[in-house]
Chemist: 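Sharing a structure with you now.
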Amino acid sequence: MRTLPVFLLVALCASSVLCKPTQEKKDRVHHGKHLSDHKHDDSQDFQYDHEAFLGKEEAKTFDQLTPEESQERLGKIIDQMDSDKDNYTTEAELLAWIKYAHGRWVREDTDKQFALYDQDKDGHITWGEYAQQVYGHLLSDELKGEEFYDIADKDKETYRKMMIRDERRFKASDKDGDMIATRDEFTAFLHPEEYDYMKEIVITETIEDIDKNGDGVVNVDEYIADMYTPEAGEPEPDWVKTERQQFLDFRDMNKDGKMDRSEISHWILPHDYDHADLESKHLIFESDKDKDGKLTRKEILDNWNMFVGSQATNYGEDLTRRHDEF
């Protein structure tokens, strides 16, 4: 899911396990109408899909497994997707699995983060608990009288902005305004795109991340820069050229050369666009060789490279799970 700049407190967090602000890499699905209309052939160019859908760095993770290992582990996922055990995977079963896999990832991530930040183990997380874990080692003690005293001057403003942004999102997720997050509120804080009432904060953060000239809108160059950073001497990939055209044809709805808040909302939180549904239809379309509307085990394994990079395997991460973890 390109990508945004990643601000990880690597060196500074060495003494605080997993402490990191929410302003890290966020996946934004960039493929658009061309994908739903099947106007490019993924069976001929898997890398096109993988880089466009995951970003270049994420696509590289698929090289970790040999083809034989990938197919073996994908076979175990097929067994799980085939809920009625009739040796076929239907579109409905594929859709159900994709939604299950995504929901499982959200739950597991929340469980891990909740255990980390709920310091007093009372089943709630206060803003103070979270801020202390993430930013406490960066804050001065009262005697110093200066925030972020152990951070280089040039970085202080960055960290201040990160903490302010986290606090704003925490407040938005906190429905009753007591700055004490329940598990559900903390899930909304970590994964705001999953909650309707967090829509406005998602849009605001997206604009802040991509709008480099600070004019409150996103132009095509800012849009492309969010997902692609050219390397020296590297020609622009076809998928980037396609995304430029996507911006002109579909993102910029009023054709004024930029995306405003409403257009950004349609892009990242489209009302009539179900990513899981589209992905299931796309996988069926590309893999169903006999066009009977369902997939055999062989049809899936014959197209294993596409499934490795799809939501059906949680972007390939499920391939590294043990069978008993499914």
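Excluded from the calculations below are hydrogen atoms, water molecules and symmetry mates; all remaining heavy atoms, backbone and side chain alike, are included.
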Chemist: Side chain of Ser265, backbone of Arg261: donor and acceptor closer than 3.5 Å?
Modeler: no
Chemist: When clusters are formed by joining ILVMFWY residues with side-chain heavy atoms under 4.5 Å apart, either directly or through shared neighbours, do Ile224 and Met259 land in the same one?
Modeler: yes
Chemist: With a sphere of 6.0 Å drawn around CE of Met253, does it hold more than 12 non-hydrogen atoms of other residues, nucleotides or ligands?
Modeler: no
Chemist: Between Arg297 and Asp79, is the closest basic N to carboxylate O distance under 4.0 Å?
Modeler: yes
Chemist: Identify which one of Val217, Ile207, Thr204, Leu269 satisfies the side-chain contact (heavy atoms from CB on, under 4.5 Å) criterion when paired with Ile264.
Modeler: Ile207
Chemist: Take Tyr117 and Glu129 through the side chain to side chain contact (heavy atoms under 4.5 Å, CB included) test and state the conclusion after the steps.
Modeler: CA-CA 6 Å; Tyr117 295 119; Glu129 284 178 311; 5.6 Å; no
Chemist: Any sub-3.5 Å donor-acceptor pair from Asp288's side-chain atoms to Gly293's backbone N or O?
Modeler: yes
Chemist: Using the rule that Ile, Leu, Val, Met, Phe, Trp and Tyr join whenever any side-chain heavy atoms are under 4.5 Å apart, tell me whether Leu116 and Ile180 fall into a single cluster.
Modeler: no
Chemist: If you take all heavy atoms of Trp267 and Pro270, which pair is closest and at what distance?
Modeler: O-CD, 3.5 Å
Chemist: Angle class for the Tyr197/Tyr195 ring planes (parallel below 30°, perpendicular above 60°, tilted otherwise)?
Modeler: perpendicular
Chemist: To the nearest 0.5 Å, tell me how far Asp111 CG sits from Arg104 CZ.
Modeler: 13.0 Å
Chemist: Taking all atoms of both residues into account, what is the closest heavy-atom pair of Ile98 and Ala276, and its distance?
Modeler: CG2-CB, 3.7 Å
Chemist: Under a 4.5 Å cut-off applied to non-hydrogen side-chain atoms, are Met81 and Leu94 in contact?
Modeler: yes
Chemist: Could you tell me if the side chain of Asp226 sits less than 4.5 Å from the side chain of Asp209, heavy atoms only?
Modeler: no
Chemist: Decide yes or no on side chain to side chain contact (heavy atoms under 4.5 Å, CB included) for His191 and Thr110, but give the supporting numbers first.
Modeler: CA-CA 9 Å; His191 302 280; Thr110 299; 3.9 Å; yes
Chemist: Between Glu193 and Lys199, does any NZ, NE, NH1 or NH2 come within less than 4.0 Å of an OD or OE carboxylate oxygen?
Modeler: no
Chemist: Is the shortest distance from a Lys or Arg side-chain nitrogen in Glu205 or Arg169 to a carboxylate oxygen in the other one below 4.0 Å?
Modeler: yes
Chemist: Assess the side chains of His124 and Asp118: does a donor N or O sit below 3.5 Å from an acceptor N or O?
Modeler: no
Chemist: Can you find a pair of side-chain heavy atoms, one from Asp290 and one from Glu299, that are under 4.5 Å apart?
Modeler: yes
Chemist: Could you tell me the separation between the CD atom of Glu286 and the CG atom of Leu295, rounded to the nearest 0.5 Å?
Modeler: 11.5 Å
Chemist: Are Asp84 and Glu93 close enough that some pair of their side-chain heavy atoms sits under 4.5 Å apart?
Modeler: yes
Chemist: Look up atom CD in Glu222 and atom NZ in Lys212, then write down how far apart they are to the nearest 0.5 Å.
Modeler: 8.5 Å
Chemist: Could you tell me whether the side chain of Glu108 and the main chain of Trp105 form a donor-acceptor pair under 3.5 Å?
Modeler: no
Chemist: Check this for me: Asp196, atom CG, are more than 12 non-hydrogen atoms of other residues, nucleotides or ligands nearer than 6.0 Å?
Modeler: no
Chemist: Using modelled atom types and a 3.5 Å cut-off, is there a donor and acceptor pairing between side-chain atoms of Lys258 and backbone atoms of Lys255?
Modeler: no
Chemist: Rounded to the nearest 0.5 Å, how far apart are CD of Gln71 and CD1 of Ile78?
Modeler: 9.5 Å
Chemist: Taking atom CZ of Phe170 and atom CG of Leu190, what is their separation to the nearest 0.5 Å?
Modeler: 9.5 Å
Chemist: Roughly how far, to the nearest 0.5 Å, is the CE atom of Met306 from the OG atom of Ser287?
Modeler: 6.0 Å
Chemist: Are any non-hydrogen side-chain atoms of Thr187 and Val106 less than 4.5 angstrom apart?
Modeler: yes
Chemist: I need the minimum non-hydrogen distance between Glu236 and Lys241, along with the two atoms involved.
Modeler: OE1-CG, 3.3 Å
Chemist: Can you tell whether the side chains of Lys175 and Glu185 come within less than 4.0 Å, N to carboxylate O?
Modeler: no
Chemist: Report yes or no: is the cationic atom of Lys171 (NZ for Lys, CZ for Arg) closer than 6.0 Å to the six-membered ring centre of Phe189, at no more than 45° off its axis?
Modeler: no
Chemist: Do the side chain of Glu91 and the main chain of Ile284 share a donor and acceptor less than 3.5 angstrom apart?
Modeler: no
Chemist: Just by distance, do the side chain of Tyr223 and the backbone of Ile210 share a donor-acceptor pair under 3.5 Å?
Modeler: no
Chemist: Write down the atom of Gly75, the atom of Leu301, and the distance for their closest heavy-atom approach.
Modeler: N-CD2, 4.2 Å
Chemist: Answer yes if the side chains of Asp292 and Tyr88 hold a donor-acceptor pair under 3.5 Å, and no otherwise.
Modeler: no
Chemist: Heavy-atom distance under 4.5 Å between the side chains of Ile201 and Met198, does that happen here?
Modeler: yes
Chemist: Search all heavy atoms of Phe307 against all heavy atoms of Leu74 and return the closest pair with its distance.
Modeler: CB-CD2, 3.9 Å
Chemist: Just wondering, more than 12 heavy atoms not from Phe114 lying within 6.0 Å of its CZ?
Modeler: yes
Chemist: Is Asp252 reaching over with its side chain to a backbone N or O of Phe247, donor-acceptor style, under 3.5 angstrom?
Modeler: no
Chemist: What heavy-atom pair brings Pro237 and Tyr228 nearest, and what distance separates the two atoms?
Modeler: CD-OH, 3.3 Å
Chemist: Kindly determine whether Val134 and Tyr130 satisfy side chain to side chain contact (heavy atoms under 4.5 Å, CB included), including the steps that lead there.
Modeler: CA-CA 6 Å; Val134 178; Tyr130 177 82; 3.6 Å; yes
Chemist: Would Lys161 and Glu208 pass as an ion pair if we require N to O under 4.0 Å?
Modeler: no
Chemist: Can you tell me if Asp221 uses its side chain to pair, donor with acceptor, with the backbone of Ala225 under 3.5 Å?
Modeler: no
Chemist: Around atom NZ of Lys298, are there more than 12 heavy atoms from other residues, nucleotides or ligands closer than 6.0 Å?
Modeler: no
Chemist: Is there side-chain contact between Asp166 and Tyr135, with at least one heavy-atom pair below 4.5 Å?
Modeler: yes
Chemist: Treating Asp211 as the side-chain partner and Asp215 as the backbone partner, does any N or O pair qualify as donor plus acceptor under 3.5 Å?
Modeler: yes
Chemist: Evaluate the criterion side chain to side chain contact (heavy atoms under 4.5 Å, CB included) for residue pair Glu263 and Arg251; output intermediate values, then yes/no.
Modeler: CA-CA 7 Å; Glu263 289 166 327; Arg251 309 296 186 218; over 6 Å; no
